[in-house]
2 protein chains.
Amino acid sequence: MNAASRSVSVKDVAARAGVSLGTVSNVLNRPDRVSDPTRVKVETAMRELGFVRNESARQLRAGHSRVVAYVVLDAANPFFTDVAQGVELSAGLADLWLFICNSNNDAERERAYLDLLQQQRVQGILITPVDPDAEHLREVAGRGTPLVVVDRTQQGLDLCSVAVDDVLGGRLAVEHLIDRGHTQVAFIGGPLSIGQVRDRWQGAQQAWADAGLPPESLHLITTSALTVVEGRGAGERLSGLPSRRRPMAAFCANDLLALGLLQQTIGSGRRVPDDLAIVGYDDIEFASAAAVPLTSVRQPRHELGRTATELVIDEATNPAHTHTQVTFTPELIARTSTLG
Amino acid sequence: MNAASRSVSVKDVAARAGVSLGTVSNVLNRPDRVSDPTRVKVETAMRELGFVRNESARQLRAGHSRVVAYVVLDAANPFFTDVAQGVELSAGLADLWLFICNSNNDAERERAYLDLLQQQRVQGILITPVDPDAEHLREVAGRGTPLVVVDRTQQGLDLCSVAVDDVLGGRLAVEHLIDRGHTQVAFIGGPLSIGQVRDRWQGAQQAWADAGLPPESLHLITTSALTVVEGRGAGERLSGLPSRRRPMAAFCANDLLALGLLQQTIGSGRRVPDDLAIVGYDDIEFASAAAVPLTSVRQPRHELGRTATELVIDEATNPAHTHTQVTFTPELIARTSTLG
DNA sequence: TTGTAAGCGTTATCAC
DNA sequence: GTGATAACGCTTACAA
């Protein structure tokens, strides 16, 4: 029971039990090949000494680990933890354990985690990358660690990916607002260096053009991050516009922005959706639980996680694996924030 | 570049560079002892072969890893991801990397993760346990893996812990409501098997008794989980009470409950705080961003994470380490949901 | 049924 | 400055 002591090895257990080291290993790995009395002796010794198998040695021998890792952009965004839940579920079925790593939107940290995980020889890496085109993602896969990009499609065919059609998602959101009769709409999101934001904005523009509406009545309001605070800021900018030109509807690039916008709108005495209709994106749990339940574009979060896990396992175990790009279809969930 | 091929070892690099294996190791660990031309040759070989250090072998040799893990109760609760952020920050300073594991409030999963992490010989484990008195927590520490309990105080002195005084937190919340003139208050939370909930409820009762108010006017409304959905359910039960006996104020055991209650209250046409004052607990970001900014009891989340990390590092590296129980003081943040 | 020994990839010690 | 070698703890043939 002394934390400072060297850790107990199979050799120590063998000595204590008065058997050879191979027998101890047999107790651990093929208990049926060991006689009952011997087995009991060994198990007793293990308990008495507080033996804990050394996974490094095990893995060094076996050549692979029982872990998959998911490197997320932002652990505080419920969207990613929901995807992670999907991963956990299907990883568990394959007897794999999940470690979540937070890159915090920092390319340096992302790289460092990727290096560490490769060195650990994890079974596979799932990642929502800062930059899906970064060379080092391809290197990882090339060096033998299966890797799947989550929430971004890959243009190349040299990596697996699971994603949602964000252009379509943007379309759905704006078509819905057009259906509700809006002719002045704000798109709120940014920075545009984030691919997801770019795609949703593009979809919004397409829907707008298809409806024959003039481009200048679809307003772009960029933010510096996809957070609640930025959403409130965008609301203030919106309020500042002269009422003639002020959009009566907003499509936010994610739900955190939409929740911030919602709060600022209600807080300044205006009503949702009467004074401002709001559409979010992701359909996180807080969206339906908002003071005014939020219309949002739903992504199949658990399925993203599940599919990504299946792909990474296939890449790890199936010699005939071919890289696959899976795209899911988003769905608009209409609630009070646009329906009144 | 073939994912199926055996992974490249120092031996392969040595062969390719035409040097001995020891020299390759020197390039990696003491580059100053190697002549420039040799170093360049070796580095080139590494690049060409796509060499990735094997952490298992490294760790087997070194005896310890560069990882700390934080086992959380619920990865989807922003409170825990905020604590995790504090951990990441200070772990980074010690050149340690953080893996987040989600027990999902399941004692079985918690155990399995603890086993895996011990086997991995991680530098230390931080954990918000399902049951802080569980024997296996003590066993972990006893077997040599430093372990710190986060967000629960330990009665025994045989483990490190960092926590917030939840009894005091409960007091602060209810004293605030008493100050605002309330004489009928509901405590909403559960299940009471969760220690945090028990402590907050106890603090609430103490404040109530100290003010000389009758126990029957402090209503206990238990929930089956600390979630938004349960908060809405509690709101419905509250609405169902005859108006004479209906409390005009509620103290929720965490912010997720409070947000659910807030939504249900506003959604059913009542006003906050005029018809119902609400106090939450944790002060997560969504609290201040709610439609009615939420009065909440703030816990120093980042500091919890930071301190826990420092303790676990001390336990791992300082032979004179003594187990320490750190308790932080919570703080009431008064906002519109009680102030009007 | 049990014991012996080789080897996984790395690092560090010691000769050269 | 460089190269051979032992050791870390475990698993698995194979020998007894």
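Order of the sequence lines sets the chain letters (A, B, ...), proteins ahead of strands, with each chain counted from 1. Since the model is a prediction, treat every value here as computed from it, not as a measurement.
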| query | Considering residues at least two apart in sequence or located in another chain, which fulfil the side-chain contact (heavy atoms from CB on, under 4.5 Å) criterion with B:T153? | reply |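 B:T153 satisfies side-chain contact (heavy atoms from CB on, under 4.5 Å) with B:A163, B:T327 once adjacent residues are dropped.
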| task | Could I get the full list of side-chain contact (heavy atoms from CB on, under 4.5 Å) partners for A:A15, not counting sequence neighbours? | result |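 Applying side-chain contact (heavy atoms from CB on, under 4.5 Å) to A:A15 gives none.
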| task | Ignoring hydrogens and angles, state whether a donor on the side chain of A:R121 or B:S56 is under 3.5 Å from an acceptor on the partner side chain. | result | no
Flag the pair [X] / [Y] as yes when at least one side-chain heavy-atom distance between them is below 4.5 Å, and no otherwise.
X: A:H321; Y: A:P146; result: no
X: A:S7; Y: A:N54; result: no
X: A:T324; Y: A:D314; result: no

| field | D:dT2 phosphate, OP1 or OP2, under 4.0 Å from B:S20 side-chain N/O | value | no
| task | Please determine if a side-chain N or O atom of B:S35 lies less than 4.0 Å away from the OP1 or OP2 oxygen of D:dT2. | result | yes
| task | Could you check which of D:dG9, C:dT2, C:dG9 has an atom nearest any side-chain atom of A:V34? | result | C:dT2
Expressed as a whole number of angstroms, how long is the span from [X]:[atom1] to [N]:[atom2]?
X: B:R33; N: C:dC14; atom1: CZ; atom2: P; value: 12 Å
X: A:D32; N: C:dT2; atom1: CG; atom2: P; value: 12 Å
X: B:E55; N: D:dG9; atom1: CD; atom2: P; value: 16 Å
X: B:R53; N: C:dT10; atom1: CZ; atom2: P; value: 9 Å
X: B:R121; N: D:dC8; atom1: CZ; atom2: C1'; value: 12 Å

| message | Any residue in residues 24-31 of chain B with a heavy atom nearer than 4.0 angstrom to DNA chain C? Just list them by number, or reply none. | response |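 Of all residues in residues 24-31 of chain B, the ones placing a heavy atom under 4.0 Å from DNA chain C are B:S25, B:L28, B:N29, B:R30.
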| said: Give the residues of residues 37-50 of chain B touching DNA chain C, defined as any heavy atom closer than 4.0 Å, sorted by residue number. | reply: none
| message | side-chain contact (heavy atoms from CB on, under 4.5 Å), that's the test. Do A:L98 and A:Y70 meet it? Break it down for me. | response | CA-CA 7 Å; A:L98 175 66; A:Y70 179 23; 3.9 Å; yes
| request: Tell me, yes or no, whether the heavy-atom count around B:N318 atom CG, taken from other residues, nucleotides or ligands under 6.0 Å, exceeds 12. | output: yes
Could you go through residues 76-86 of chain B and list every donor-acceptor pair under 3.5 Å that involves a side-chain atom there, pairing it with any protein atom two or more places apart or in another chain?
unit_1: B:N77; atom_1: OD1; unit_2: B:F79; atom_2: N; d: 2.9
unit_1: B:T81; atom_1: OG1; unit_2: B:P78; atom_2: O; d: 3.0
unit_1: B:D82; atom_1: OD2; unit_2: B:R301; atom_2: NE; d: 2.8
unit_1: B:D82; atom_1: OD2; unit_2: B:R301; atom_2: NH2; d: 3.4
unit_1: B:Q85; atom_1: OE1; unit_2: B:H302; atom_2: NE2; d: 3.2

Which pairs, protein N/O on one side and nucleotides 5-8 of chain C N/O on the other, fall under 3.5 Å?
unit_1: C:dG7; atom_1: N2; unit_2: A:R61; atom_2: NE; d: 3.1

| query | Should the ring pair B:F99 and A:F99 be called parallel, tilted or perpendicular, given that the plane angle runs from 0 to 90° and is split at 30 and 60? | reply |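 The rings of B:F99 and A:F99 lie parallel, inter-plane angle below 30°.
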| For A:L117, the option from A:L147, A:I125, A:V68 that meets side chain to side chain contact (heavy atoms under 4.5 Å, CB included) | A:I125
